[in-house]
Amino acid sequence: DALLGLAIILAIYFFFLFRRLTRRLEKSRQQEDQLRTLYAAIDQSPASVVIAGLDANIRYVNPSFTEITGYALHEVMGHNPSVLHSGLTSPDVYNEMWQKLTHGESWSGEFINRRKNGEIYWEQAHISPVFSDDGEVTQRVDHQGGTGPQNDETHDGFDRALDALGHRFLLGNQADK
């Protein structure tokens, strides 16, 4: 009788152990599916996506980033997004952006950037912090939308910036003569 009782207790124990392991495995499969879906959504997004660490160095860019900027992941990984700076975006824009980001807040704004081939382009950016389970910012994600001036005022500013750049180029060429 004691042996039969022990066998029953062990059978119940292994039943519940198996059930717990099955639940954990199912939860793990669901999490893997969710991660695969999230990765595919980011990787296949028509918008440029950049993930950077707190040091602002790039950890990931999606194929749309490469298509828009001309830079492949291996060319920018570990580098600061400043590789895109054209010098035409106001320093006030960057100051406002860092003010928000260093306080764990999201920021939206516009940049005038430079592609790898030197071409200037306008970009609408939305940068948000990514938080750990304990509420600490661990990295930032930059979702960059449409390219092109967003309103008449920014369009005029963009035109003025390009005109100034053109005048600098012309004056430089005349000085060389």
Side-chain angles (χ1 to χ4, degrees), residues 30-169:
Q30 289 172 351
Q31 289 172 336
E32 284 179 27
D33 287 345
Q34 185 179 25
L35 285 173
R36 254 192 301 283
T37 300
L38 290 171
Y39 178 79
I42 290 170
D43 202 52
Q44 297 170 23
S45 173
S48 171
V49 177
V50 177
I51 298 175
L54 292 180
D55 58 2
N57 290 336
I58 295 172
R59 295 181 177 178
Y60 169 85
V61 298
N62 71 345
S64 290
F65 172 90
T66 299
E67 187 177 314
I68 292 167
T69 68
Y71 288 100
L73 174 59
H74 72 274
E75 295 176 292
V76 295
M77 185 179 283
H79 295 280
N80 191 288
S82 64
V83 299
L84 301 173
H85 289 189
S86 66
L88 299 173
T89 301
S90 167
D92 293 339
V93 171
Y94 294 110
N95 290 337
E96 178 193 340
M97 176 190 75
W98 283 112
Q99 179 70 21
K100 292 253 187 189
L101 295 177
T102 55
H103 287 91
E105 299 174 35
S106 294
W107 177 85
S108 293
E110 298 168 333
F111 296 122
I112 303 170
N113 282 339
R114 183 180 311 276
R115 290 184 170 95
K116 184 179 177 181
N117 67 5
E119 183 179 297
I120 301 293
Y121 70 104
W122 195 270
E123 185 165 64
Q124 179 70 33
H126 309 280
I127 306 173
S128 299
V130 176
F131 295 95
S132 66
D133 288 340
D134 60 349
E136 295 294 318
V137 176
T138 59
Q139 52 198 351
R140 296 182 182 95
V141 63
D142 181 1
H143 175 269
Q144 300 172 351
T147 58
Q150 303 301 309
N151 59 46
D152 289 338
E153 185 180 309
T154 55
H155 187 273
D156 290 343
F158 188 62
D159 286 345
R160 283 193 304 275
L162 289 179
D163 285 345
L165 189 63
H167 288 295
R168 273 191 252 152
F169 177 75

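Both backbone and side-chain heavy atoms feed into the values below; hydrogens, waters and symmetry mates do not.
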Task: salt bridge (Lys or Arg N to Asp or Glu O under 4.0 Å) contacts touching residues 59-68 (sequence neighbours left out) - done: none
Task: Ring centroid separation Y94 to F111 under 6.0 Å - done: yes
Open item on the list: To the closest 0.5 Å, what do you measure between CD (E123) and OG (S86)?
Closed with: 11.0 Å
- [ ] Can you establish whether the number of heavy atoms outside D134 located under 6.0 Å from its atom CG is more than 12?
- [x] yes
TODO: Output the distance between atom CD1 (I51) and atom CD1 (I42), rounded to the nearest 0.5 Å.
DONE: 5.0 Å
Task: Approximate separation, where rounding is to 0.5 Å, of Q144 CD and S48 OG - done: 4.0 Å
TODO: Using salt bridge (Lys or Arg N to Asp or Glu O under 4.0 Å) as the criterion, list what pairs up with E75, not counting sequence neighbours.
DONE: K116
- [ ] Check whether any side-chain heavy atom of L84 sits under 4.5 Å from a side-chain heavy atom of R114, and report yes or no.
- [x] no
Task: Heavy-atom check, side chain of R140 versus side chain of L101, under 4.5 Å - done: yes
Task: Sequence-distant partners of D33, salt bridge (Lys or Arg N to Asp or Glu O under 4.0 Å), two or more places apart - done: R36
TODO: Check whether any side-chain heavy atom of V130 sits under 4.5 Å from a side-chain heavy atom of V137, and report yes or no.
DONE: no
TODO: Check the side chains of Y39 and N62 for a donor-acceptor pair under 3.5 angstrom, ignoring hydrogens and angles.
DONE: no
Task: E96 and D92, any side-chain heavy atoms less than 4.5 Å apart - done: no
Task: Closest contact, heavy atoms only, A56 versus W98 - done: CB-CH2, 3.9 Å
Open item on the list: Nearest 0.5 angstrom please: T89 OG1 to N113 CG, how far?
Closed with: 5.5 Å
Open item on the list: How close do N57 and G78 get, counting heavy atoms only, and between which atoms?
Closed with: CG-O, 3.4 Å
Task: Residue Q34 excluded, over 12 heavy atoms near CD under 6.0 Å - done: no
Task: Contact summary for Y71 and T66, nearest pair of heavy atoms - done: O-OG1, 3.0 Å
Task: Intermediate values then yes/no, side chain to side chain contact (heavy atoms under 4.5 Å, CB included), F131 and T138 - done: CA-CA 6 Å; F131 295 95; T138 59; over 6 Å; no
Task: Heavy-atom closest pair, residues S64 and S45 - done: OG-O, 2.5 Å
Task: Heavy-atom pair with the smallest gap, counting every atom of I112 and I120 - done: CG2-CG2, 3.4 Å
Open item on the list: Nearest 0.5 Å, please: how far is CD1 in I58 from CG in D142?
Closed with: 9.0 Å
Open item on the list: Quick check against the 3.5 Å criterion: does S108 have a side-chain atom that pairs as donor or acceptor with the backbone of H126?
Closed with: no
Task: N/O donor-acceptor pair under 3.5 Å between S132 side chain and E136 backbone - done: yes
Open item on the list: Just so I know, are the side chains of F65 and V76 near enough to count as touching, which here means a heavy-atom distance under 4.5 Å?
Closed with: yes
TODO: Answer yes or no: is there a donor N or O on one side and an acceptor on the other, between the side chain of R115 and the main chain of T69, under 3.5 Å?
DONE: no
Task: Closest non-hydrogen atom pair between Y60 and P63, with its separation - done: OH-CD, 4.3 Å
Task: Distance, nearest 0.5 Å, that separates CE of M77 from NE2 of H79 - done: 10.0 Å
